[in-house]
There are 2 protein chains.
Amino acid sequence: MSSVTLPKVEPVPRMRAEDRRELVLTAATAVFGERGYVGATTDAVARAAGVSQPYVVRMFGTKEALFLEVLGRALERLIDSFTSAIDENPTATPEDLHHRIGAAYADLLMDRGLLLSLMHGFVLGADPVIGAAARSGFLQVYRLLRHRGGFSAKEAADFLAGGMLLNTLVGIRMADDIDDADARELIESVAPTKSELLVRLSRTRP
Amino acid sequence: MSSVTLPKVEPVPRMRAEDRRELVLTAATAVFGERGYVGATTDAVARAAGVSQPYVVRMFGTKEALFLEVLGRALERLIDSFTSAIDENPTATPEDLHHRIGAAYADLLMDRGLLLSLMHGFVLGADPVIGAAARSGFLQVYRLLRHRGGFSAKEAADFLAGGMLLNTLVGIRMADDIDDADARELIESVAPTKSELLVRLSRTRP
DNA sequence: GTCTATAGGGCGATAGAC
DNA sequence: GTCTATCGCCCTATAGAC
């Protein structure tokens, strides 16, 4: 009797490994962006992705490896997006390119976790593994602007500076203080054409 | 015999509470700057200050309260420093002031932990307590530039953008890649007059 | 004013079943 | 491919002695 093989329903939908991987990476990007590398738990990632905590670890080996993968993905999207903006406008002037790449950057902000995960990586430069990855990624972006985008050193630095301020305003959730006149002015002067977007994205509860 | 009161040597030097407090706050600033709010442990702070871990907690109540105190101190020094730069040059043009306050900012970088602790606070905007403190502090600086420094909205935003890039380069330890031509160029174009300082400060092992 | 000892909770990772 | 159970570490905070 106990040896009868019963038909079993799968309580959790199975997925191709690659699809599940994408799902977890997306969830991880959001969680790392919100809480940072150390503050994020593999359990929070697992919940956000609808899988068990040990499965997240099983998939990526360690939390550090997962974070590195998130960083790599974010960087890849950033580079792809900038590269497209550059290559689609081969005759653009530097100022023109600055605006176009800036627009591409603002589009990336749609995924708040993406840029914020990068930011969290940037402030962990003292970590031998994460710091090295962050430096390498930041330099890749600089090189892209400088050598493929034709930016001067100053133009590239100015562009990056604006990006860092934008990231900071999103990270700090400046739009939570949107009723404050100065906060509103700051947000609108940083992202004049995208301030609506920035406000939505930099709110604690979007 | 056992009731004889023996003279006792103090194994650990006693200090006035206020002095010890300063010592711990200085240590905490360095540790939080290096590892962030979550990554820093009260034990690491205690070791850096040469006291026991429970004593650190006893002094500030919680790790969160300690971090808030570090943030408050950092902000205070930033504001004081900017205010001095402004008030000492009442007839300076906006560009002039930009340079003078920029120089004051670079001086603050001498204490790497100071600005980096702030940066770690800035990316934790989602935290109800720390996020609120970080927003309030960031806005105070903006108001100072705008209303006491006489900066336009754009000038203030540009100044802050440069500051965020500077902080990021220090946080990411960009100078660890100083042998890379692009990294060197970026550092020198961001801090032309202070690149030596920036290099020293943004190295993992200073 | 400062320490030692330790409780208590959370988290990353492993083992192993299905 | 995915889960449950659980180990062992680390970390904050408390208790209490000196």
Side-chain angles (χ1 to χ4, degrees), chain A residues 2-25 27-28 31-32 34-70 120 124 127 129-130, chain B residues 2-25 27-28 31-32 34-70 120 124 127 129-130:
Chain A
S2 63
S3 68
V4 176
T5 52
L6 298 168
K8 280 247 291 292
V9 284
E10 295 292 339
V12 173
R14 292 215 172 194
M15 242 184 214
R16 294 204 339 267
E18 202 181 330
D19 293 345
R20 187 68 83 188
R21 203 182 157 83
E22 292 301 319
L23 205 65
V24 172
L25 279 171
V31 174
F32 280 126
E34 187 107 349
R35 308 199 204 169
Y37 169 58
V38 191
T41 66
T42 54
D43 190 57
V45 172
R47 279 178 212 275
V51 298
S52 71
Q53 178 268 329
Y55 191 39
V56 170
V57 175
R58 167 73 63 110
M59 268 191 281
F60 296 91
T62 63
K63 177 176 151 177
E64 183 182 72
L66 171 58
F67 186 61
L68 289 175
E69 184 107 9
V70 166
H120 280 287
L124 290 183
D127 181 292
V129 178
I130 293 170
Chain B
S2 64
S3 67
V4 176
T5 52
L6 299 168
K8 279 246 293 294
V9 284
E10 295 293 337
V12 172
R14 292 217 171 193
M15 240 183 218
R16 293 206 337 268
E18 203 182 329
D19 293 346
R20 186 69 82 188
R21 204 181 157 84
E22 291 302 318
L23 204 66
V24 171
L25 278 170
V31 174
F32 280 127
E34 186 107 349
R35 308 198 203 169
Y37 170 58
V38 191
T41 65
T42 54
D43 189 58
V45 172
R47 281 177 211 275
V51 298
S52 71
Q53 178 270 328
Y55 191 39
V56 170
V57 175
R58 166 76 61 113
M59 268 191 281
F60 296 91
T62 63
K63 175 177 153 179
E64 184 182 71
L66 171 58
F67 186 61
L68 289 175
E69 183 107 10
V70 165
H120 280 288
L124 290 183
D127 181 291
V129 179
I130 294 171

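Just so it is clear, the structure is predicted and the values come from calculations on it, not from any experiment. Chain identifiers are assigned alphabetically (A, B, ...) following the order of the sequence lines, protein sequences preceding nucleic acid strands; residue numbering begins at 1 within each chain.
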Taking only side-chain N and O atoms of B:Arg14, does any of them lie within less than 4.0 angstrom of OP1 or OP2 on C:dT2? no
If the condition is salt bridge (Lys or Arg N to Asp or Glu O under 4.0 Å), which residues does B:Glu64 pass it with, not counting sequence neighbours? none
Separation of D:dA13 atom C1' from B:Phe67 atom CZ, nearest Å, is 19 Å
Nearest atoms (heavy-atom pairs only) where A:Ala40 meets A:Arg35: N-CB, 3.7 Å
Could you tell me how far apart B:Met15 (CE) and C:dC3 (P) are, to the nearest whole angstrom? 11 Å
In whole angstrom, what separates A:Met59's CE from D:dC3's C1'? 12 Å
Protein-proximity profile, nucleotides 6-17 of chain C, B/S/- by nucleotide at the 4.0 Å heavy-atom cutoff, equals -----SBBB-B-
Partners meeting salt bridge (Lys or Arg N to Asp or Glu O under 4.0 Å) with B:Arg47 (sequence neighbours left out): B:Asp43
Does the Lys NZ or Arg CZ of B:Lys63 fall within the cation-pi geometry relative to B:Phe32 - under 6.0 Å from the ring centre and within 45° of the axis? no
Just the rounded figure in Å: distance from P of C:dT2 to CZ of B:Arg16. 11 Å
Exercise: identify the closest heavy-atom pair between A:Val38 and B:Gly39: CG1-CA, 3.7 Å
Nearest non-hydrogen partners of B:Ala49 and B:Leu23, listed with the distance: O-CD2, 3.7 Å
Whole angstrom is fine here: how far is it from CZ in B:Arg20 over to C1' in C:dT2? 8 Å
Closest to the B:Val51 side chain, choosing from C:dC3, C:dT2, D:dT2: C:dC3
